[in-house]
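Reminder, nothing fancy here: chain letters follow the sequence lines and each chain counts from 1.
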Amino acid sequence: MEELKPKSLNFLEEIVQDDLASGKYSKGILTRFPPEPNGYLHIGHAKSICLNFGLAQRFGGGTNLRFDDTNPVTEETEYVESIKKDVSWLGFTWANEVYTSDYFEDLYQFAEKLITLSFAYVDDSTAAEIAAQKGTPTTPGQNSPFRNRSVEENLALFRDMKAGKYADGDKVLRAKIDMAHANMHMRDPLMYRIRHVKHHRSGDKWCIYPMYDFAHGQSDSIEEITHSICTLEFDVHRPLYDWFLDKLGIFPSHQYEFARLNLSHTVMSKRKLLQLVNEKVVSGWDDPRMPTISGLRRRGFTPASIRNFCERIGVAKRDNLIDLSLLEFCIREDLNKSADRVMAVLDPIKLVITNYPADKTEDLQIENNPEAEVITKRSVPFSNELYIERDDFMIDPPKKFFRLGVGLQVRLKGAYIVTCTDFKTDAAGNVTEVHAEYIPESKSGQDTSGVSVKGTIHWVSVAHALEAEVRNFDRLLIVEDASELGDDFMKFINPESLQIVPKVYVEPGLKAAKEGQALQFIRKGYYSLDADSTADKLVFNRTVTLKDTWAKEKAK
RNA sequence: UGACCUAUGGUGUAAUGGUAACACACCAGUUUUUGGUUCUGGUUUUCUAGGUUCGAGUCCUGGUAGGUCAACCA
């Protein structure tokens with residue numbers, strides 16, 4: 001069936017569509033996702049991943065996973081593995097797994113070619129001198145005294161650099177462009193620096209390493225990437241990207257830029273995330289409060305929910321701050337359809353059903369998910385003593401309180417309607433026990449009582465309950481926008497971003513729960529079994545709360 | 001005060017010179033054995049001043065505001 005109105009294209013899709021229509025790329029398109037393996041992927045990377053892989057999927061092309069490993073000081077194989085895991089987990093398959101370090105020889109040859117063409121020279125200046133020569137955005141730079149060395153001298157020097165005859169920082173290779181250029185990146189940018197450091201893949205083979213600007217575009221070109229998509233801060237690099245490809249006369253890949261994702265109530269920069277880890281504000285890169293892919297995974301987010309989120313946020317070139325509530329909506333939308341419902345009492349108080357036999361247990365059949373296409377049921381034991389939530393009882397219930405209070409009636413989910421008759425308190429006046437009578441004819445599914453109630457509450461049988469730990473997570477920061485906080489963001493950490501409830505009661509069937517399994521704790525939220533769980537002790541992470549309109553009503 | 005990028009409801013994103021719309025959020029109601037879900041309705045939008053045009057959110061010019069760039073990082 002034809003769609004009546006095709007979904008509008010984003011600006012990148014339009015570019016690809018136009019390029020394909022004009023016959024520019026007869027072999028189809030090829031994109032790439034090029035992380036530097038020096039840290040863990042976060043939700044901002046997910047946007048880029050969905051964009052790159054999504055573009056290729058939509059227009060019948062491929063996507064390379066390229067590790068941009070030109071700086072051996074910061075890169076490690078450990079990160080390569082985590083990145084591959086995260087991309088796969090998100091549901092994408094790359095056409096080729098490639099490494100910029102695979103192109104070191106090609107890049108070296110490119111560099112010699114530019115030297116031969118008098119487009120590059122070896123500079124003996126120190127880093128400080130080069131910085132001083134560079135000028136400022138409003139004042140032109142000065143030519144380096146080494147700028148006019150002969151091709152032969154440059155070639156010899158560069159070969160000596162490669163051969164390891166110089167120490168780190170002694171010399172660099174620079175492109176000869178224009179020290180007065182309005183674009184700072186065109187003021188004789190560095191192409192190679194000396195680093196006597198072991199590389200995670202090439203080992204000690206090289207002691208000179210290409211800079212990003214001399215590696216990225218050429219890598220794109222070598223792979224014949226048609227559309228090289230990156231974030232806006234690389235916009236000013238594009239003239240240089242094009243300059244190198246043009247002077248080298250190699251495959252003309254094209255770079256396009258989009259605005260990176262900013263998410264409210266969190267930070268996204270690698271440096272700040274690292275700070276959170278190092279200062280032990282969080283337990284690690286996969287702490288469920290982190291916006292990392294591994295953190296979101298542990299928190300209970302599904303790949304589909306993240307892909308859907310990336311689809312919904314769209315893509316453009318203006319700065320943006322996406323509200324966390326959209327991410328929450330996406331995971332609720334997914335889990336509402338897929339997560340089984342179970343009962344867990346987080347803040348327990350005992351409910352005694354005084355007219356139910358103390359020696360009796362019933363195994364009630366309760367549906368797992370009312371939203372599922374095929375309804376399945378599970379068995380839940382019911383007895384005369386139950387745990388219910390403390391806030392499901394009030395001594396002086398206000399109007400529209402559809403829960404328990406003396407004289408009020410509720411249905412116990414999947415069981416009977418009960419009428420609250422009494423309660424007990426301790427010396428301090430705290431409620432310790434609630435008493436109720438059940439209506440035998442009101443059994444769920446075969447109710448002939450004729451009684452109708454407004455409220456339904458969840459419960460767990462005291463005798464059968466399983467103990468568990470619950471970790472309730474909330475937004476990392478108490479401020480929406482951390483962009484102008486700088487390092488002060490640490491002062492705005494939400495003190496309630498993690499609340500551990502060491503002892504909750506859950507229904508006994510949860511003993512069979514599997515790590516990562518998503519569950520809805522009825523009326524409480526979506527939870528997922530954490531890896532910290534043991535046979536004796538289950539640990540559940542709260543992925544997200546349910547929407548709570550009663551809380552809003554109460555607040556009024 | 002140089003170059004470049006950007007400006008549409010509270011937040012995002014569409015509208016490709018021809019009725020400003022979709023989602024989230026928010027509000028009201030509906031449904032509901034989850035105060036969840038569903039469904040319905042509602043509030044709230046083109047930075048500014050000129051210009052081109054029969055017609056401008058869209059094109060042009062100026063202004064304003066925000067962002068990016070001066071690592072031997074990527």
Side-chain angles (χ1 to χ4, degrees), chain A residues 7-10 14 34-36 38 68-71 73-75 123 125-127 130-131 134-141 168-174 181-187 190-195 209 211-213 215-216 230-239 257 259 264 270 312-330 332-333 336-337 341 343 366-367 370-371 400-403 410-415 417 442 444-445 447 452-458 480 483 520-526 545-554:
Chain A
K7 185 184 98 53
S8 60
L9 302 177
N10 65 47
E14 281 184 3
E36 181 187 11
N38 71 344
D68 212 353
D69 54 354
T70 58
N71 185 359
V73 178
T74 57
E75 295 147 6
D123 194 329
S125 307
T126 64
I130 289 175
K134 197 131 199 171
T136 71
T138 51
T139 57
D168 291 9
D170 279 0
K171 289 180 164 48
V172 292
L173 184 70
R174 301 178 71 179
H181 204 287
N183 182 336
M184 297 295 285
H185 294 277
M186 299 297 272
R187 319 240 273 222
L190 268 58
M191 294 164 60
Y192 269 91
R193 77 285 216 190
I194 301 170
R195 280 261 216 279
Y209 292 94
M211 301 289 291
Y212 166 86
D213 283 310
H216 203 96
C230 61
T231 48
L232 237 28
E233 58 265 33
F234 291 99
D235 178 277
V236 285
H237 293 247
R238 178 151 37 87
E257 309 86 17
S264 73
K270 214 169 265 180
R312 282 172 184 266
I313 59 177
V315 55
K317 297 185 78 158
R318 72 183 101 145
D319 292 330
N320 60 80
L321 180 65
I322 307 288
D323 200 298
L324 193 58
S325 65
L326 183 62
L327 220 207
E328 293 180 342
F329 167 82
C330 290
R332 285 194 189 107
E333 184 187 45
N336 178 47
K337 297 290 183 198
R341 275 60 168 166
M343 295 193 284
I366 302 181
E367 64 184 2
E371 301 290 324
K400 291 204 276 185
F401 183 73
F402 306 137
R403 308 181 188 182
V410 296
R411 173 173 292 282
L412 297 171
K413 174 72 185 175
I417 291 173
S442 67
S444 183
D447 187 346
S452 73
V453 292
K454 280 262 187 154
T456 298
I457 64 171
H458 59 281
E480 261 190 26
S483 65
Q520 185 195 102
F521 287 180
I522 291 180
R523 300 208 297 145
K524 284 292 157 187
Y526 293 99
T545 61
L546 256 29
K547 279 174 70 175
D548 189 353
T549 50
W550 169 245
K552 280 178 198 162
E553 183 72 26
K554 240 184 353 186

Review point. Heavy-atom distance under 4.5 Å between the side chains of Arg193(A) and Asp168(A), does that happen here?
Key: no
Practice item. Using the test salt bridge (Lys or Arg N to Asp or Glu O under 4.0 Å), find all partners of Arg187(A) that sit at least two apart in sequence or belong to another chain. Key: none
Practice item. Just call it for Val73(A): base, sugar-phosphate, or nothing, with non-hydrogen atoms closer than 4.0 Å on any strand. Key: nothing
Practice item. Could you check how far NZ of Lys317(A) sits from P of rU13(B), rounded to whole Å? Key: 13 Å
**Study point:** Plane angle bin for Phe401(A) and Trp550(A) - parallel if under 30°, tilted between 30 and 60°, otherwise perpendicular
**Key:** tilted
Check your understanding: Can you tell me how far P in rC60(B) sits from the matching atom in rA7(B), rounded to whole Å?
Key -> 12 Å
Study note, to complete from the structure: Separation of rG57(B) atom P from Arg318(A) atom CZ, nearest Å, is 16 Å
**Study point:** P-based separation of rC4(B) from rG62(B) [nearest Å]
**Key:** 12 Å
Point to revise | Contact pattern, 5' to 3', of nucleotides 33-43 of chain B - B, S or - by protein heavy atom under 4.0 Å | key: BBBBS------
Point to revise | Between rU46(B) and rG41(B) - P atom distance, rounded Å | key: 24 Å
Give me the distances for all protein-to-nucleotides 58-64 of chain B N/O pairs that come in under 3.5 Å?
none

Exercise for review: Using the test salt bridge (Lys or Arg N to Asp or Glu O under 4.0 Å), find all partners of Lys400(A) that sit at least two apart in sequence or belong to another chain.
Suggested key: Glu553(A)
**Study point:** Side-chain heavy-atom pair Leu412(A), Ile457(A) within 4.5 angstrom cut-off
**Key:** yes
Review point. Expressed in whole Å, how much space separates the C1' atoms belonging to rG10(B) and rA25(B)?
Key: 7 Å
Practice item. Could you check if a side-chain atom of Ile130(A) sits within less than 4.5 angstrom of a side-chain atom of Arg174(A), using non-hydrogen atoms only? Key: yes
List, with names and distances, any nitrogen or oxygen atoms from the protein found under 3.5 Å away from nitrogen or oxygen atoms belonging to nucleotides 18-20 of chain B.
none

Please write out the pairs of protein N or O atoms and N or O atoms of nucleotides 21-24 of chain B separated by less than 3.5 Å, giving the distance to one decimal.
unit_1: rA23(B); atom_1: O2'; unit_2: Arg312(A); atom_2: NH1; d: 2.6

Review point. Is any side-chain heavy atom of Arg411(A) less than 4.5 Å from a side-chain heavy atom of Ser444(A)?
Key: yes
Review point. Can you name the salt bridge (Lys or Arg N to Asp or Glu O under 4.0 Å) partners of Lys317(A), sequence neighbours left out?
Key: Glu257(A)
Revision key, fill the gap. Heavy-atom contacts, protein to nucleotides 67-74 of chain B, under 4.0 Å, summarised as B (base), S (sugar-phosphate only) or - (none) per nt, yield SSSB-BSB
Practice item. Give a yes or no on whether a salt bridge exists between Glu333(A) and Arg312(A), defined as a side-chain N under 4.0 angstrom from a carboxylate O. Key: yes
Exercise for review: For Tyr192(A), check ring-ring contact (aromatic ring centres under 6.0 Å, His included) against everything at least two apart and list the hits.
Suggested key: Phe158(A), Phe214(A)
Identify the pairs formed between an N or O of the protein and an N or O of nucleotides 44-48 of chain B at a distance under 3.5 Å, and give each distance.
none

Practice item. Mind checking salt bridge (Lys or Arg N to Asp or Glu O under 4.0 Å) for Lys171(A) and listing every partner two or more places apart, or none if nothing turns up? Key: Asp124(A)
Exercise for review: Using the criterion of both pairing distances under 3.5 Å for Watson-Crick and G-U wobble pairs, give all stems of 3 or more consecutive pairs involving RNA chain B.
Suggested key: B:2-7 with B:64-69, B:10-13 with B:21-24, B:26-29 with B:39-42, B:47-51 with B:59-63
Study note, to complete from the structure: Between NE2 of His181(A) and P of rC4(B) the distance, given in whole Å, is 10 Å
Check your understanding: Please give, in whole Å, the distance from rG2(B) C1' to Arg187(A) CZ?
Key -> 8 Å
Practice item. Using the C1' atom on both, measure rG9(B) against rA71(B) and round to a whole Å. Key: 41 Å
Point to revise | Same-atom distance (C1') from rU38(B) to rC47(B), integer angstrom | key: 40 Å
Check your understanding: Do His237(A) and Tyr212(A) come close enough that some side-chain heavy atom pair is under 4.5 Å?
Key -> yes
Practice item. Using the P atom as the reference point in each nucleotide, state the distance between rA23(B) and rG55(B) in Å, no decimals. Key: 34 Å
Review point. With side chains defined as the heavy atoms from C-beta onward, is the minimum distance between Asn320(A) and Ile313(A) less than 4.5 Å?
Key: no
